[in-house]
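Working notes, structure below.
We use all heavy atoms of the structure for the numbers below, so side chains are in, but hydrogens, waters and symmetry mates are not.
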Amino acid sequence: MTSTTTLRIATLYRFCAQSLQYPDTNWLNADYLQGLYSLLESLGADDELEQVQTAFETDPDILETLQIEHTRLFINGVPHVVAPPYGSVYVDKSLQGLHTEKTLNFYAECGYSLKHGSDLPDHIIHQLEFLSLLAENNDAEHESEFLQTIFLPWFSKFGARVKQETHHPFYSVIVQLIDYLTKEEDEHGIQLDEA
């Protein structure tokens with residue numbers, strides 16, 4: 001794989017991680033939306049593109065709408081969080097279980113650690129950012145191992161919950177992008193257009 005391809009894959013992991021951050025004008029802006037629309041167009045995801053564009057263009061306060069939905073899905077839903085973004089919830093059936101420790105150990109084995117005060121290591125954003133670092137460093141062996149042993153065992157359950165329960169097409173589209181990215185990268189390496 002060329003360095004250009006691995007940098008593009010790293011960028012896609014970071015884009016997906018950014019997309020699951022709490023919605024804020026620092027990142028949810030015209031540049032971000034243009035990137036999302038271009039990505040969906042390049043993948044031929046015409047239906048998803050239309051759904052997201054329509055939702056963004058017809059909502060007079062899209063930021064507040066996404067903040068409410070993000071909170072309901074990932075932070076503090078009533079009566080419970082719809083789709084907790086932590087691997088241990090799905091693997092161990094408890095927050096901060098063995099999967100959390102396993103994830104942290106994997107980071108350490110590759111020479112990485114979390115900043116003091118960071119969220120739990122098995123949070124999806126940390127895992128996507130870690131995959132981005134591995135791709136950026138062209139460390140395909142650890143990337144594949146991390147996908148197989150840490151990320152994919154829980155992501156399918158998380159993604160299914162988000163797609164089934166979300167009230168906004170944005171989050172459904174983002175988990176579909178992550179699903180596509182991680183499966184393609186794990187099975188074949190993503191074949192991006194080098195043009």
request  = With sequence neighbours left out, write down each residue that passes salt bridge (Lys or Arg N to Asp or Glu O under 4.0 Å) with Asp179, or none if nothing qualifies.
outcome  =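 For Asp179, the residues satisfying salt bridge (Lys or Arg N to Asp or Glu O under 4.0 Å) (neighbours in sequence not counted) are Lys183.
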If the plane angle is over 60° it's perpendicular, under 30° parallel, otherwise tilted; pick one for [X] and [Y].
X      : Y      : value
Phe130 : Tyr107 : tilted
His123 : His126 : perpendicular
Tyr37  : Phe56  : perpendicular

Common cluster, [X]/[Y], ILVMFWY with side-chain heavy-atom separation under 4.5 Å:
X      : Y     : answer
Leu43  : Leu33 : yes
Tyr86  : Leu98 : no
Trp154 : Val81 : no
Val91  : Leu95 : yes
Trp27  : Ile68 : no

message = As a quick check of understanding, evaluate side-chain contact (heavy atoms from CB on, under 4.5 Å) for Gln96 and Glu101, giving each step before the final call.
response = CA-CA 8 Å; Gln96 207 166 355; Glu101 185 180 333; over 6 Å; no
Taking the six-membered ring for Trp, are [X] and [Y] closer than 6.0 Å centroid to centroid?
X      : Y      : answer
Phe146 : Phe151 : no
His70  : Phe74  : yes
Tyr32  : Phe15  : yes

side-chain contact (heavy atoms from CB on, under 4.5 Å) between Val175 and Phe155, intermediate numbers included = CA-CA 9 Å; Val175 294; Phe155 176 74; 4.2 Å; yes
Check the side chains of [Y] and [X] for a donor-acceptor pair under 3.5 angstrom, ignoring hydrogens and angles.
X      : Y      : result
Asp139 : Asn137 : no
Thr6   : Asn138 : no
Gln127 : Tyr13  : no
Gln176 : Ser172 : yes
Thr65  : Glu69  : no

Strictly distance-based, threshold 3.5 Å: is any side-chain N or O of [X] a donor or acceptor partner for the main-chain N or O of [Y]?
X      : Y      : result
Ser42  : Leu39  : yes
Asn29  : Asp31  : yes
Thr58  : Thr54  : yes
Gln67  : Pro23  : yes
Asp59  : Ala55  : no
Thr182 : Ile178 : yes
Ser118 : Leu114 : no
Asp122 : Ser88  : yes

query = Between Glu165 and Arg72, does at least one N-O distance fall below 4.0 Å, as a salt bridge requires?
reply =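 No.
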key: Leu128 CG to Ser132 OG distance, which is reported to the nearest 0.5 Å   = 9.0 Å
ask   = Can Leu181 and Leu177 be said to form a side-chain contact (heavy atoms from CB on, under 4.5 Å), step by step?
value = CA-CA 6 Å; Leu181 174 64; Leu177 281 174; over 6 Å; no
message = How about CD on Glu64, more than 12 heavy atoms from neighbouring residues, nucleotides or ligands closer than 6.0 Å, or not?
response = no
